[in-house]
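As the structure is a computational prediction, the values presented were derived from the model and not from experiment. Numbers restart at 1 for each chain; the letters A, B, ... are given by sequence-line order, proteins then strands.
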Number of protein chains: 2
Amino acid sequence: MTEKELNLKTAALEKISHLDYFNIAISVDCVIFGYENKELKVLLIKSDLEEFSGLYSLLGDLVRPDEDLESASYRVLADRTGMEDVYLEQVHTFGSIARHPSGRVITTAYYSLIDITHHKLQLNHNDLHWHSVNDIKKLAFDHKLILNTCLKRLRDQIMENPVAFNLLQDKFSLRELQEVYEAILDIKLDRRNFRKKIALKDWLQDLNEMETNLSHRPGKLYALKKQYKTSRVRSMAG
Amino acid sequence: MTEKELNLKTAALEKISHLDYFNIAISVDCVIFGYENKELKVLLIKSDLEEFSGLYSLLGDLVRPDEDLESASYRVLADRTGMEDVYLEQVHTFGSIARHPSGRVITTAYYSLIDITHHKLQLNHNDLHWHSVNDIKKLAFDHKLILNTCLKRLRDQIMENPVAFNLLQDKFSLRELQEVYEAILDIKLDRRNFRKKIALKDWLQDLNEMETNLSHRPGKLYALKKQYKTSRVRSMAG
DNA sequence: AAATTAATGTGTCGTAAGTACATATTATGT
DNA sequence: ACATAATATGTACTTACGACACATTAATTT
């Protein structure tokens, strides 16, 4: 190392080391919801930390200096699911001092809704699996809290905004839609009242098609009106 | 510099520099709302950055390695207003790459509601002033966006949760309360319907007292029921 | 081809909340 | 005593919500 290099590095070092504030890392964690078998699922991975061996955790990563928070979330999503245009919404930032055993890491949580049937991915590798939300008892880090917070947000959203549709394929029957709502809210709904409520929102387009391959009377098929289709959600400017 | 010192510093430098992720700083910004003269106000300070000379900014600070996000927000609040037990709620985290001219800073925004009359503070020092929300055109950084986001959250909240009361003194008349709502929502409300709606919530306790020192018929005084008094808001384990 | 099955599709009634709107009441000031 | 300027309150209409029952249809079985 030349003297010049040394001086440069030393200067940089001084600058960095007195900025204690940079000793906090920031990550994003994605609560990726899916829907299958009338159950709400979430995508989890086996934790790679010793402290949490045997436990699952959400999908996340450190935010890189050259990407904004949403880019980081979309990167995590694309890396893990291979899907690009998905619904994603920021929920909350968790910053307890001791939330990460390896150091100070503040994390911003996003929730995401994806159509699980479009997701025939590298699932069998690397311990990545869909878990029924109702069956999850314990997660690594504070990820159970993050999951609960995101689930609450999702529940608050679905009656106000047409987001639940992101869990379904493009065409669906009202029965399927109701089952999605029941899975998310974890309650039974009255069919007639549910249909009235949905009709009132005017979110749906009647496709004049019917379900097929059923062993009973098929229902009509609907699609979410184009104007409500959310791929990438409006950015709050990052 | 001895060889030993050099080696130490170099080692530390290597360690830090390969941890690019720590090159992001994290801050909190507080949108501190107050209410005065039938107007919703927000506490702003003159920006100390050259790039924003002449502009005002929200109150914020870098998060210290040994404090969590909420502690940092309360610290900012206490430092600037001298008030301890205030309503504070996390709203959103803003992480655009270029949002801070001096470097990469991700900020978590909180909004806070305080009783402005309990706040006879060091206002005249250091360019700290209350500004009418409606008059604010431009702020430093992305603080206008943060303000708008927090204002929207506040507006969404006040009909659902008894938070607007934090802007008023302990005892207030229904007229005063309505004026607070009108200031926040920036609309006129019908007096009879407003009272019906508030009565329905069952938030208020009739104090059997009257307003005084008015030049007209005084109204009854009410207080928020104890069970709803929010000093420090429930932590999301933040 | 007729009957059965298992689901879809729809309507009513009572209740609760939202909105528009007008009159009586009361403490104060003259 | 009277005028004033605000408080306090009620009704009618409309809209949403929740509980609830029956007719219809396509597929399947007999």
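When atom types are taken as modelled, the side chain of A:Arg99 and the backbone of A:Ile106 share no donor-acceptor pair closer than 3.5 angstrom. B:Gln205 places no side-chain N or O within donor-acceptor distance of the main-chain N or O of B:Ala223, the cut-off being under 3.5 Å.
Considering only side-chain atoms of A:Leu200, the nucleotide from C:dA17, D:dG10, D:dA16 that sits closest is D:dA16.
In this structure, the CG atom of A:Asp202 is 13 Å from the P atom of D:dA16, given to the nearest Å. Following rounding to the nearest Å, A:Phe194 (CZ) and C:dT8 (P) show an atom-to-atom distance of 12 Å. When rounded to the nearest whole Å, the span between CZ of A:Arg192 and P of D:dA21 equals 7 Å. Taking atom OH on B:Tyr181 and atom P on C:dG18, their separation rounds to 13 Å, with Å as the unit. One can place CD1 of B:Ile198 at 16 Å from C1' of D:dA8, the figure rounded to the nearest angstrom. For the pair B:Leu177 CG and D:dA6 C1', the interatomic distance rounds to 17 Å; values are reported in whole Å. B:Leu221 has its CG atom 12 Å from the P atom of D:dT7, to the nearest Å. Atom P of nucleotide D:dT15 and atom NZ of A:Lys201 are separated by 16 Å, given to the nearest angstrom.
Aromatic ring orientation, A:Phe165 versus A:Phe172: tilted (interplanar angle from 30° to 60°). The aromatic rings of B:Tyr228 and B:Trp203 stand perpendicular to each other, their planes meeting at an angle above 60°, with 30° marking the opposite boundary.
Within the nucleic acid shown, B:Arg191 comes within 4.0 Å of at least one base atom, counting heavy atoms only.
When each of B:Asn193 and B:Arg175 is assigned the nucleotide of DNA chain D bearing its nearest heavy atom, the one mapping closer to the 5' terminus is B:Arg175. When each of A:Lys220 and B:Lys197 is assigned the nucleotide of DNA chain C bearing its nearest heavy atom, the one mapping closer to the 5' terminus is A:Lys220.
Scanning residues 204-217 of chain A for heavy-atom distances under 4.0 Å to DNA chain C yields A:His216, A:Arg217.
Within the 4.5 Å cutoff, no side-chain heavy atoms of B:Val86 are placed close to those of B:Asn166. Under the 4.5 Å side-chain criterion, counting only non-hydrogen atoms from C-beta, B:Lys220 is in contact with B:Met210.
Judged by distance alone, with hydrogens and angles left aside, B:Lys196 brings a side-chain donor or acceptor within reach of the base of D:dT11, the pair sitting under 3.5 Å.
How far CZ of A:Phe52 is from NE2 of A:His143: 8.0 Å, rounded to the nearest 0.5 Å.
OP1 or OP2 of D:dA8 lies within a sub-4.0 Å distance of a side-chain N or O belonging to B:Arg195.
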